[in-house]
Amino acid sequence: MIDPRLITLRVFAGCGTVGTTAELTGYSPSAVSAQLRELQRVLGMQLLTKDGRGVRLTSTGRFLVEGSDRLIAEWESLRASALAAGGQVQTRFGLGGFSTAAARLLAPLAATLRSTHPLLEVQVLEANPARCFDLLVAERIDLAVIVAMQSHSYVEDDPRFEQIVLLDDPLDVIISSDHPLAAREAVTLEELASEPWITDAAGSAYHSLFTAAFTAVGVTPRIAHEAVEWETQIAFVSAGLGVGLLPRLAPLHHGENVVRLHITGRGKPSRRIVAAVRTGSITSPLIQESLGILQSSADCILTTRPQDSL
């Protein structure tokens, strides 16, 4: 198995501070510092140097971290193959994902895994994509579900991770139930272009997706209000403040006076949702089982919902 002190060094390399490394790994700051000092002593290398009040990696330390990517991948592949050869699964399994995925996909997955593997310890962590990748490096989680457009800090060719497309989650229009178009099953963006729109703040990933959808149909929407959380946007629509876009995966919890309609025609926006694992681990029996359950759950949600008030 890989020396946990090397894992700690890799986490430090990604976040740059002892405090954040401690938070990600679950160790205390003093334990992190002790591990890094001990790793230097055992290897006979200066991996860290003082930098103001903190420390940073030396050139030797950076070279060691970058070179360890292949070592970690080989170990993950060996571990996955050994588990598969013996018909076993690991005893602990960590899952991480953004809020909607954690609630709609990962919580049911965790319940299923606990039922099919009674001795398995499953932990689910709600986290944004950047934190999910850090938690994968720290080995706090083994599988993450993220929105691809929010993972720009970790490009697809990052050798530390493998990504598997789970679904393309279409965005629906949500409008108040007394809107003239509320009885329709689908609408075009052009039909709603003049409506007061509710979306995320400029500069966010979702605002970019919103803008790109209207650019594709050649119209400029009127943005009347901003909302960061889906629940807030639903409340704004319910109050009659405007219309918005809501991912198919997200339910209309507490969305009184709100209906959702499919978008048809040009510019249909969607967000790509992917699963990410450490390179080499994808053939692990538990990861393969989890990917199958996730894809089945996602397919079920997408095919059974457009208009709901769950």
Side-chain angles (χ1 to χ4, degrees), residues 76-77 79-81 83-84 87-90 92-117 120-129 131-133 135-136 140-151 154-158 160-172 205-206 209 230 245-253 260 262-263 268-308 310:
E76 291 288 352
S77 180
R79 178 166 59 175
S81 298
L83 287 168
Q88 300 181 30
V89 297
Q90 58 211 72
R92 300 182 63 185
F93 194 56
L95 302 166
F98 63 100
S99 58
T100 306
R104 306 298 294 173
L105 296 175
L106 296 181
L109 169 60
T112 299
L113 292 178
R114 291 176 63 185
S115 175
T116 55
H117 305 285
L120 178 66
E121 180 183 340
V122 184
Q123 183 179 40
V124 183
L125 302 178
E126 180 185 340
N128 62 40
R131 178 171 167 78
C132 279
F133 283 113
L135 290 168
L136 281 169
R140 289 277 303 285
I141 63 174
D142 303 287
L143 185 152
V145 176
I146 63 172
V147 179
M149 67 182 183
Q150 294 180 321
S151 62
Y154 298 87
V155 295
E156 292 183 0
D157 59 355
D158 190 317
R160 298 173 298 172
F161 312 108
E162 292 181 79
Q163 296 186 26
I164 308 93
V165 175
L166 291 177
L167 70 145
D168 286 318
D169 187 19
L171 272 65
D172 299 322
Y206 284 105
L209 182 61
W230 300 125
L245 298 178
L246 184 71
R248 189 80 51 82
L249 197 60
L252 278 176
H253 282 315
R260 69 195 307 157
H262 281 186
I263 296 174
K268 294 184 290 187
S270 67
R271 57 178 189 172
R272 174 154 290 186
I273 296 177
V274 302
V277 299
R278 287 184 295 275
T279 297
S281 68
I282 195 168
T283 58
S284 169
L286 207 51
I287 287 178
Q288 285 294 304
E289 180 180 350
S290 298
L291 290 174
I293 294 171
L294 286 172
Q295 290 178 322
S296 177
S297 297
D299 289 344
C300 181
I301 291 173
L302 294 187
T303 55
T304 58
R305 172 188 298 154
Q307 301 182 58
D308 66 317
L310 296 176

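FYI, side chains are in, hydrogens and waters are out, and symmetry mates aren't considered; it's all heavy atoms of this structure.
- Atoms CG and OG, on Leu166 and Ser296 in that order, are 12.0 Å from each other to the nearest 0.5 Å.
- Ala103 and Pro108 make their closest contact through O-CD, 3.7 Å (heavy atoms, listed as atom of the first residue, atom of the second, distance).
- Leu143 pairs with exactly one of Leu294, Leu136, Leu286, Ile164 by the side chain to side chain contact (heavy atoms under 4.5 Å, CB included) rule, that one being Leu294.
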Q: Start with the C-alpha distance between Leu249 and Ile273, add both sets of side-chain angles, then the distance that settles side chain to side chain contact (heavy atoms under 4.5 Å, CB included), and finish with yes or no.
A: CA-CA 10 Å; Leu249 197 60; Ile273 296 177; 3.7 Å; yes
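- Listed here is the closest heavy atom pair of Thr283 and Ala80: OG1-CB, 3.4 Å.
- Looking only at distances, a side-chain donor or acceptor of Ser81 sits under 3.5 Å from a matching main-chain atom of Ser77.
- Here OG of Ser270 is found 11.5 Å from CG of Leu245. Values are rounded to the nearest 0.5 Å.
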**Q.** Leu246 vs Leu252, side chain to side chain contact (heavy atoms under 4.5 Å, CB included): CA-CA, chis, key distance, verdict
**A.** CA-CA 9 Å; Leu246 184 71; Leu252 278 176; 3.6 Å; yes
Q: Take Arg272 and Val147, measure what side chain to side chain contact (heavy atoms under 4.5 Å, CB included) needs, and give me the verdict at the end.
A: CA-CA 6 Å; Arg272 174 154 290 186; Val147 179; over 6 Å; no
**Q.** Criterion side chain to side chain contact (heavy atoms under 4.5 Å, CB included) on Leu83 and Gln90, from CA distance to verdict
**A.** CA-CA 7 Å; Leu83 287 168; Gln90 58 211 72; 4.2 Å; yes
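- The OG1 atom of Thr112 sits 10.0 Å away from the NE2 atom of His117 when rounded to the nearest 0.5 Å.
- At distances below 3.5 Å, at least one donor-acceptor pair connects side-chain atoms of Gln288 with backbone N or O atoms of Ile282.
- Formation of a donor-acceptor pair under 3.5 Å by the Glu162 side chain with backbone atoms of Gly280 is found in this model.
- A salt bridge between Asp168 and Arg271 is absent, with no side-chain N of the basic residue lying under 4.0 Å from a carboxylate O of the acidic one.
- Atoms CZ and CG, from Arg140 and Leu95 in turn, are 13.0 Å apart once rounded to the nearest 0.5 Å.
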